[in-house]
There are 2 protein chains.
Amino acid sequence: MSPQQRGGETRSRILQAAMECFAQRGYDGTGVAEICRRAEVTKGGFYHHFPSKQAVFLELLNRWLAGLDTQLEAVRAGAESIPEGLLRMAGMVRQVFEAAGGQLPIFLEFLAQAGHDPAVWRATIEPYQRYRAFFRDMIEAGIAEGTLRPIDPEIGANLIVSSAVGLVLQGMLDPQGADWGQVAEESMHMLLESLERKEK
Amino acid sequence: MSPQQRGGETRSRILQAAMECFAQRGYDGTGVAEICRRAEVTKGGFYHHFPSKQAVFLELLNRWLAGLDTQLEAVRAGAESIPEGLLRMAGMVRQVFEAAGGQLPIFLEFLAQAGHDPAVWRATIEPYQRYRAFFRDMIEAGIAEGTLRPIDPEIGANLIVSSAVGLVLQGMLDPQGADWGQVAEESMHMLLESLERKEK
DNA sequence: CGTTGGATACCGACCGGTCGGTATCATTTT
DNA sequence: AAAATGATACCGACCGGTCGGTATCCAACG
């Protein structure tokens, strides 16, 4: 195996292990040693691939956000109408939950760290603004195509983003508390029902 | 000054200092020594009043939640109709933000810690269930009194709680990003508009 | 009234242990 | 040989919590 391949594999093993540790014990709660143990790498290897613990965290955050971005964009491009697109985005919540296999609380870590670390903060807050703009544009398009009532797009986008964030958060905290994927779909359905233009 | 008074004052000074520290540096990020410095108490005094750092954190959490509870209940009792009550609860968001004076990120700490510490988790998750039940009852009452459309109360309550949580979260992360109090009111207004029974 | 006993409040040095990060060396690949 | 990779040992800082001791005040007693 080439060294690039080996190095890359070690690198992703570290990332994977770090994600699991952060999700279970939190950022401050997990030591570099623990990540190394789980990734079957020594400290030397760790600091060969990453300059610091924070760098690993930041890369994890950026990957997660990038994944969300591409998913959202794909759904938008594939949807026939705005309401249908929004509904399918609600379905993404279920996917997000299933994909992470109970290791989701790392999202909480992202948020908590954003409160203390300016670098994490910038990386966290910027996507929120992007998402608000994203849904604002969608709503405007929906109004233009006549499938949505003429509401204030800013407020509507905010409502969507807020509900999504709140939903994901509750799902993180209490995965067994409900079928959050289904709750997300039904909530978005109710929300849409009120935004959609009804033919009389 | 009686010793009880002195003791009580010291105790609340510790709580206040701890809240500020936790909000700025996070739970793990703040040492007991730092809390003591800010509260002008020594470590001995700290551990005289509290058995552990976690105990301080938990008391802070419980006080916050208790305050929210009493406020919500007061609004419900004082409202003439369900929609009016819901609208005034949206106004509470502005109050919450102003009352905390930018020290709000401690809410994030509550959430993050809930992911790791079972005691914090129980204290955090239980109010969510209570709030969902609270709003479900309100919606049911609203349907009964004829001011709300006959929607699914569970889903509606979930939508309200999720939006509120997401709104508060965004306000924490980016206090300067918007007038969150106003955004909360307008969002709730839009939400209500779709839930309210419209006379034709 | 003065004294005394003891409860409460508070002090600050100290401990065992952990942590993130570094320095150095060994091995493998090109 | 040079570069990439990763293993081992170690460092200094810091942290939560403990502990022996002191200051302050109240209540009971003589």
Side-chain angles (χ1 to χ4, degrees), chain A residues 1-61 106 109 112-113 116-120, chain B residues 1-61 106 109 112-113 116-120:
Chain A
M1 199 188 293
S2 80
Q4 289 92 326
Q5 280 173 335
R6 198 163 48 109
E9 203 224 319
T10 303
R11 213 183 129 87
S12 56
R13 261 211 332 273
I14 292 175
L15 282 168
Q16 174 67 26
M19 193 184 78
E20 294 167 5
C21 288
F22 290 157
Q24 286 171 4
R25 303 223 201 301
Y27 179 77
D28 294 297
T30 58
V32 175
E34 198 180 335
I35 300 174
C36 294
R37 211 177 307 130
R38 192 181 285 228
E40 287 175 320
V41 178
T42 58
K43 247 180 174 183
F46 180 96
Y47 280 100
H48 173 75
H49 288 285
F50 295 96
S52 67
K53 187 172 86 158
Q54 179 188 295
V56 178
F57 185 78
L58 226 58
E59 176 147 348
L60 244 26
L61 172 60
I106 194 173
E109 288 305 311
Q113 287 299 314
H116 322 310
D117 186 321
V120 177
Chain B
M1 199 189 293
S2 80
Q4 290 91 326
Q5 278 173 336
R6 199 160 47 108
E9 204 224 318
T10 302
R11 213 184 129 87
S12 57
R13 259 206 339 269
I14 292 175
L15 283 168
Q16 174 68 25
M19 192 184 79
E20 294 167 6
C21 288
F22 290 157
Q24 285 171 6
R25 302 226 204 297
Y27 179 77
D28 293 298
T30 56
V32 174
E34 200 180 335
I35 299 174
C36 294
R37 213 176 308 128
R38 194 182 285 232
E40 289 175 318
V41 178
T42 57
K43 244 179 177 182
F46 181 96
Y47 280 100
H48 172 73
H49 288 285
F50 296 97
S52 67
K53 187 170 87 158
Q54 179 189 289
V56 178
F57 185 78
L58 228 58
E59 177 149 346
L60 244 27
L61 172 61
I106 195 174
E109 286 306 311
Q113 286 301 314
H116 320 310
D117 185 322
V120 177

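Reminder, nothing fancy here: chain letters follow the sequence lines and each chain counts from 1.
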Original post:
Distance check: side-chain N/O of B:Thr10 vs OP1/OP2 of C:dC10, anything under 4.0 Å?
Top reply: yes
Subject >> Between C:dC11 (P) and B:Arg13 (CZ): distance, integer Å >> reply: 8 Å
**OP:** Please report, rounded to the nearest Å, how far the C1' atom of D:dT5 is from the CD atom of A:Glu40.
**Re:** 16 Å
Subject >> Atom-pair distance (CZ on B:Phe46; P on C:dC10), nearest Å >> reply: 13 Å
Original post:
Would a 4.5 Å heavy-atom cut-off, applied to side chains only, mark A:Phe46 and A:Val56 as touching?
Top reply: yes
Subject >> Protein-nucleotide distance (B:Phe50, atom CZ; C:dA9, atom C1'), rounded to Å >> reply: 14 Å
Original post:
Does some side-chain heavy atom of A:Cys36 sit less than 4.5 Å from a side-chain heavy atom of A:Thr42?
Top reply: no
Shorter than 3.5 Å, N or O on both sides, protein versus nucleotides 14-19 of chain C: list them out with atom names.
none

Original post:
Tell me, do B:Gln24 and B:Met19 make a side-chain contact under 4.5 Å, heavy atoms counted?
Top reply: no
Subject >> A:Phe22 and A:Tyr27 aromatic ring geometry - parallel, tilted or perpendicular at 30°/60° bounds >> reply: tilted
**OP:** Would you indicate whether the side-chain heavy atoms of A:Lys43 and A:His48 approach each other to under 4.5 Å?
**Re:** no
**OP:** Would you confirm whether B:Arg25, through its side chain, and B:Thr30, through its main-chain N or O, come within 3.5 Å as a donor-acceptor pair?
**Re:** no
**OP:** Hey, which sits more toward the 5' end of DNA chain C by its nearest nucleotide, A:Gln54 or B:His48?
**Re:** B:His48
Subject >> Residue A:Ser52, side-chain atoms from C-beta onward, closest of D:dT5, D:dT8, C:dG21 >> reply: C:dG21
